[in-house]
Asker: 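Let me give you the structure first, and then I'll get to my questions.
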Amino acid sequence: MQISKSIPNDFIRQIITEDLKTKIFQLVTRFPPEPNGYLHIGHAKSICLNFDVAAENSGRCYLRFDDTNPSKEDLEYVESIKADLNWLGYTWTELRHSSDYFEQLYDYAVALIKTDKAYVCGLTGEEIRQYRGNLKEPGKNSPYRERTIEENLDLFTRMKAGEFADGELVLRAKIDMAAANINLRDPIIYRIKHLTHQMTGDKWCVYPMYDFTHCLSDAIEGITHSLCTLEFEDHRPLYDWFLETLQTPCHPQQIEFARLSLNYAVMSKRKLQELVEDNLVNGWDDPRMPTLIGMRRRGYTPESIRDFCDKIGLTKNNTSIEMGVLENSIRSDLDPKTARVMAVLKPLRVVIENYPAEAEQLEAPYHPNDPSMGSRPVTFSKVIYIEQDDFLEDPPKKFFRLAPGREVRLRYAYFITCQSVVKDETGEIIELRCTYDPATKGGSAPDGRKVKGTIHWVSEAHAITAEIRLYDRLFNKPNPGASGTDFKTAINPNSITILSNSKVEASLATAESSQRFQFERQGYFCVDNVDSSAEKLVFNRIVTLRDSWAKIEKDNR
RNA sequence: UGGGGUAUAGCCAAGCGGUAAGGCACUGGGUUUUGAUCCCAUGAUCCCAGGUUCGAAUCCUGGUACCCCAGCCA
């Protein structure tokens with residue numbers, strides 16, 4: 001962005017600012033993903049919050065992999081998460097893993113047992129659920145709740161030693177089976193899993209649960225403000241209970257905010273995974289996915305995503321952001337810094353009858369409002385392509401483009417007038433015959449006459465054939481899966497359109513992977529970082545330009 | 001009366017007892033060799049009902065609506 005950014009002043013920053021005023025400490029935050037999937041735009045909200053708020057206050061922000069469940073996690077994900085974070089432009093003060101603390105966590109659990117605040121329970125999963133009660137009725141005590149400390153110590157030691165099978169025993173905090181908050185009804189804090197962990201290998205066969213791990217990991221790292229999403233509000237009493245009961249040297253403050261939800265998109269890991277597995281998209285990096293890796297491939301800039309996160313605000317309100325906000329962020333980031341070039345998506349051949357056989361070079365600036373971006377030569381010739389949409393045999397009112405007998409400006413070139421239309425046997429328009437006015441070279445008429453339309457073009461003999469992928473929203477309902485429907489029934493069947501015979505100007509021959517351009521009058525495009533090659537250029541449409549003609553057209557119908 | 005949250009314009013969101021910021025979207029207008037950009041203009045009495053106060057979106061009382069919680073997931 002060109003404009004200097006103002007620091008947001010949301011309720012979390014207000015709390016932190018106030019804390020900083022009244023206490024002496026260095027702010028420490030953390031971004032704690034579980035490495036069990038790819039990051040998406042919703043994670044970006046949390047990332048920006050944690051890293052930015054630390055930076056604004058000369059604090060630190062850790063990246064911590066919350067890897068307490070080896071059955072779901074994979075090294076592949078930790079690498080992708082690190083790459084996404086770097087791409088967004090963030091650097092963590094230190095890289096940590098919850099698994100780094102398994103030893104300390106185990107000691108804390110033993111401490112709990114020793115103070116009679118935890119016990120080994122032999123109930124089955126089904127029984128535990130039954131004993132837990134429900135939303136309206138209190139639970140009842142486990143028959144194992146009154147084991148002696150010695151017995152618990154012995155059992156827990158043997159759990160760790162691998163003497164029991166998965167599911168046979170668990171360690172539970174001894175709190176209150178009648179608590180109104182279900183999280184406090186003797187929550188399980190350790191379970192047995194005979195699994196190889198991606199970091200600790202086969203050292204452990206008991207793994208701590210989230211509620212026990214997260215607060216203690218925060219405390220161990222000296223996190224001052226532990227920021228998480230709303231669904232953990234109910235867990236805060238438990239978070240605080242562990243820290244108070246165990247008398248940890250510091251007690252981080254958990255603060256919850258609303259997670260991001262975006263119109264016409266899904267954000268849950270389960271749903272995204274389903275899209276990938278059912279081949280409804282082409283992988284996690286499909287440009288239609290809200291994953292960071294997908295958005296990166298689509299052509300979104302890290303700046304635009306950070307700008308978006310600033311714009312949407314931070315509250316506890318359960319809200320849904322309109323796609324338009326995201327689109328605005330990417331457009332306003334790209335507009336000042338992206339070179340303009342010409343590309344004809346759906347070509348229509350135009351022969352300029354009175355133009356000589358010899359081609360000529362014209363100079364075209366890369367940016368209309370920024371001469372410092374320079375210019376490039378484009379070749380003009382007797383046979384060119386224009387956009388099919390830019391010609392209408394029977395134009396409606398307010399259509400400013402080409403039509404029989406009408407004159408338009410070819411951008412940076414000449415005025416041309418359509419003399420006749422050539423059709424094939426089926427009546428389809430296959431070619432236009434036009435004439436040009438040599439006096440209008442460069443695009444202005446010495447006699448001062450005006451044309452309302454300016455259209456883009458490429459020279460047939462000099463253009464490069466490219467594949468262009470047009471993307472639209474993945475879903476055609478604002479809230480896919482709302483009110484019990486299957487979210488997959490809301491998939492937009494036209495979320496991708498592949499144009500394999502588009503014609504782009506010659507200067508694009510040297511376009512590099514991931515390079516972005518504005519195709520004049522069409523939108524912003526990005527060289528696909530997977531499928532594009534020197535032999536076959538492939539562009540992704542990042543976003544269209546705002547299009548007031550499209551609105552007029554829509555109103556006409 | 002299970003517990004925990006949230007309600008300010010179409011979508012976000014400031015506001016913290018002194019008379020409703022801003023962004024996005026929309027609509028109208030101006031500039032323009034992109035129907036782009038840019039520039040101007042236009043909209044709410046704050047979920048409802050009472051109450052306190054000279055004064056309430058802000059405080060109190062009582063309602064209503066919506067979200068989250070019953071994984072040996074995070």
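Model, not experiment: these values are computed from the prediction. Throughout, protein chains are lettered first and strands after them, A, B, ... in sequence-line order, and every chain is numbered starting at 1.
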Asker: NA contact type, A/Ile128, heavy-atom cut-off 4.0 Å: base, sugar-phosphate, or nothing?
Answerer: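 Since a base atom lies under 4.0 Å of A/Ile128, the category is base.
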Asker: Centres of the A/Tyr436 and A/Tyr414 rings: under 6.0 Å?
Answerer: yes
Asker: Distance check: side-chain N/O of A/Arg191 vs OP1/OP2 of B/A74, anything under 4.0 Å?
Answerer: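 So the side-chain polar atoms of A/Arg191 do come within 4.0 Å of the phosphate oxygens OP1 or OP2 of B/A74, strictly under.
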Asker: For B/A13, does OP1 or OP2 lie under 4.0 Å from any side-chain N or O of A/Asn317?
Answerer: yes
Asker: Rounded off to whole Å, could you give me the CG-to-P distance for the A/Leu184 and B/G4 pair?
Answerer: 12 Å
Asker: Between B/G35 and A/Arg401, counting only base atoms on the nucleotide and side-chain atoms on the residue, is there a donor-acceptor pair under 3.5 Å?
Answerer: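 Indeed, a donor on one side and an acceptor on the other fall under 3.5 Å apart.
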Asker: Identify which nucleotide among B/C24, B/A36, B/A14 has an atom closest to any side-chain atom of A/Glu322, counting heavy atoms from C-beta outward.
Answerer: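 Out of B/C24, B/A36, B/A14, the nucleotide with an atom closest to A/Glu322's side chain is B/C24.
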Asker: Remember a base hit wins even if backbone is also touched, and classify A/Arg411 as base, sugar-phosphate or nothing at under 4.0 Å, heavy atoms.
Answerer: base
Asker: NA contact type, A/Leu123, heavy-atom cut-off 4.0 Å: base, sugar-phosphate, or nothing?
Answerer: base
Asker: Quick one: label A/Phe399 by what it contacts on the DNA or RNA (base, sugar-phosphate, nothing), any heavy atom closer than 4.0 Å.
Answerer: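 The residue A/Phe399 makes base contact.
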Asker: Please report the shortest heavy-atom distance between A/Lys193 and A/Ser71, naming the atom on each side.
Answerer: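 Reported closest heavy-atom pair: NZ-OG, 3.5 Å.
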Asker: A/His214 near the nucleic acid: base, sugar-phosphate alone, or nothing, with a heavy-atom cut-off under 4.0 Å?
Answerer: nothing
Asker: Any idea which of B/U34, B/A36, B/C73 is nearest the A/Met209 side chain?
Answerer: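 The listed nucleotide nearest to A/Met209's side chain is B/C73.
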Asker: Of all the nucleotides listed (B/C69, B/A74, B/A25), which has the minimum atom distance to the side chain of A/Phe232?
Answerer: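 So the nucleotide nearest the side chain must be B/A74.
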Asker: Among B/A74, B/C26, B/A70, which nucleotide sits nearest the side chain of A/Lys551?
Answerer: B/C26
Asker: Pick base, sugar-phosphate or nothing for A/Asn369, based on heavy-atom distances below 4.0 Å to the nucleic acid.
Answerer: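 The answer is base, as A/Asn369 lies within the cut-off (heavy atoms under 4.0 Å) of a base atom.
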Asker: Describe the nucleic acid contact of A/Leu135 in one word from base, sugar-phosphate, nothing, applying a heavy-atom distance below 4.0 Å.
Answerer: base
Asker: Where the side chain of A/Asp66 is defined as all heavy atoms beyond and including C-beta, which of B/G3, B/A74, B/G35 is the nearest nucleotide?
Answerer: B/A74
Asker: Please state whether the phosphate of B/C12, meaning OP1 or OP2, lies under 4.0 angstrom from any side-chain nitrogen or oxygen of A/Ser320.
Answerer: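 Answer is no, no contact under 4.0 Å.
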Asker: Determine the contact category for A/Ser444: base if any of its heavy atoms lies under 4.0 Å from a base atom, sugar-phosphate if only primed atoms, P, OP1 or OP2 are that close, otherwise nothing.
Answerer: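 Result for A/Ser444 = base.
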Asker: Measure from the side chain of A/Thr315, starting at C-beta and using heavy atoms only, and say which of B/U37, B/C73, B/A13 lies closest.
Answerer: B/A13
Asker: Could you check if the base of B/G71 is syn or anti? Syn means the glycosidic torsion is within 90 degrees of 0.
Answerer: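 With its glycosidic angle within 90° of zero, B/G71 counts as syn.
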Asker: On a plain distance test, is the side chain of A/Glu137 in donor-acceptor contact with the base of B/G2 below 3.5 Å?
Answerer: no
Asker: Which residue in the set A/Glu387, A/His456, A/Lys503 passes side chain to side chain contact (heavy atoms under 4.5 Å, CB included) when paired with A/Leu345?
Answerer: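 Looking at A/Glu387, A/His456, A/Lys503, the match for A/Leu345 under the side chain to side chain contact (heavy atoms under 4.5 Å, CB included) is A/Glu387.
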Asker: Using the P atoms only, state how far B/C48 lies from B/C11, rounded to an integer number of Å.
Answerer: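 These two P atoms come out 15 Å apart once rounded.
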Asker: With respect to the side chain of A/Glu231, which nucleotide from B/C73, B/C68, B/A70 is positioned closest?
Answerer: B/C68
Asker: Between B/U37, B/G23, B/G35, which nucleotide has the shortest distance from any of its atoms to the side chain of A/Trp549?
Answerer: B/G35
Asker: Give me the distance, rounded to whole Å, that separates B/U45 from B/A9 when you measure between the C1' atoms they each carry.
Answerer: 12 Å
Asker: Name the residue from A/Lys140, A/Lys174, A/Arg145 that meets the salt bridge (Lys or Arg N to Asp or Glu O under 4.0 Å) definition with A/Asp186.
Answerer: A/Arg145
Asker: Using the C1' atom as the point on both nucleotides, what is the distance between B/A20 and B/A70, in whole Å?
Answerer: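 After rounding to an integer number of Å, I get 43 Å for this pair.
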Asker: Would you mind checking if A/Arg401 and A/Asp389 are paired as a salt bridge, meaning a charged N to carboxylate O distance below 4.0 Å?
Answerer: no
Asker: Strictly distance-based, threshold 3.5 Å: is any side-chain N or O of A/Ser304 a donor or acceptor partner for the main-chain N or O of A/Ile330?
Answerer: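 Looks like no, no N/O pair under 3.5 Å.
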Asker: Decide whether A/Tyr239 and A/Asp218 meet the rule of one side-chain donor and one side-chain acceptor closer than 3.5 Å.
Answerer: yes
Asker: Would you measure the distance from the P atom in B/U6 across to the matching atom in B/C59 and give it in whole Å?
Answerer: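 That atom pair is separated by 12 Å.
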Asker: What interatomic distance, in whole Å, is found between P of B/A13 and the corresponding atom of B/G43?
Answerer: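 Nearest-Å result for B/G43 against B/A13 at atom P: 23 Å.
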Asker: Could you please name the option among B/A36, B/G15, B/C12 that lies closest to any side-chain atom of A/Arg340?
Answerer: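 Within the option list, the nearest is B/A36.
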Asker: Between B/G3 and A/Asp234, counting only base atoms on the nucleotide and side-chain atoms on the residue, is there a donor-acceptor pair under 3.5 Å?
Answerer: yes
Asker: To the nearest Å, how far apart are A/His43 NE2 and B/A74 C1'?
Answerer: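 These atoms are roughly 10 Å apart.
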Asker: Given atom CD of A/Gln254 and atom P of B/G5, what is their separation to the nearest angstrom?
Answerer: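 Whole-Å distance recorded here is 12 Å.
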Asker: Expressed as a whole number of Å, how far does the C1' atom of B/A7 sit from that of B/U58?
Answerer: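 The same atom, C1', in both gives a distance of 14 Å.
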Asker: Taking any heavy-atom pair under 4.0 Å as a contact, classify A/Pro237: base, sugar-phosphate, or nothing.
Answerer: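 If one applies the 4.0 Å heavy-atom cut-off, A/Pro237 turns out to touch nothing in the nucleic acid.
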Asker: Using a 4.0 Å heavy-atom cut-off, does A/Arg132 contact any base of the nucleic acid, only the sugar-phosphate backbone, or nothing at all?
Answerer: sugar-phosphate
Asker: Counting only side-chain N and O atoms of A/Lys136, is one of them less than 4.0 Å from OP1 or OP2 of B/C69?
Answerer: no
Asker: Nearest to the side chain of A/Asn328, which nucleotide is it out of B/U34, B/C24, B/C73?
Answerer: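 Looking only at heavy atoms from C-beta outward on A/Asn328, the closest nucleotide is B/C24.
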Asker: Taking any heavy-atom pair under 4.0 Å as a contact, classify A/Glu520: base, sugar-phosphate, or nothing.
Answerer: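 Contact class for A/Glu520: base.
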Asker: Between the base of B/C72 and the side chain of A/Glu127, is there a donor and acceptor pair under 3.5 angstrom?
Answerer: no
Asker: For A/Val170, which contact category applies under a 4.0 Å heavy-atom criterion: base, sugar-phosphate, or nothing?
Answerer: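 Result for A/Val170 = base.
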Asker: Please measure how far the C1' atom in B/U61 lies from the corresponding atom in B/A21, and state the result in whole Å.
Answerer: 31 Å
Asker: Quantified in whole Å, what is the C1' atom distance between nucleotide B/U8 and nucleotide B/U19?
Answerer: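 Per the computed distance, 16 Å lies between those C1' atoms.
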Asker: Does any donor-acceptor pair link the side chain of A/Gln522 with the base of B/U34 at a separation under 3.5 Å?
Answerer: no
Asker: Between A/Arg236 and B/G4, is there a contact of a side-chain N or O with OP1 or OP2 at under 4.0 Å?
Answerer: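 Indeed not, no polar side-chain atom of A/Arg236 lies that close.
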Asker: Identify whether any heavy atom of A/Gly167 sits under 4.0 Å from a base atom; if not, whether one sits that close to sugar-phosphate; answer base, sugar-phosphate or nothing.
Answerer: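 Base contact - A/Gly167 has a heavy atom under 4.0 Å of at least one base atom.
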Asker: Would you say B/G71 has OP1 or OP2 under 4.0 Å from some side-chain N or O of A/Arg129?
Answerer: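 It does, given that an N or O in the side chain of A/Arg129 lies less than 4.0 Å from OP1 or OP2 of B/G71.
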Asker: Under 4.0 Å, counting only non-hydrogen atoms across every strand here, what does A/Thr68 touch: a base, just sugar-phosphate, or nothing?
Answerer: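 Answer is sugar-phosphate: A/Thr68 comes under 4.0 Å of backbone atoms only.
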Asker: Within the pair A/Arg521 and B/U37, is there a side-chain N or O less than 4.0 Å away from OP1 or OP2?
Answerer: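 Result: no.
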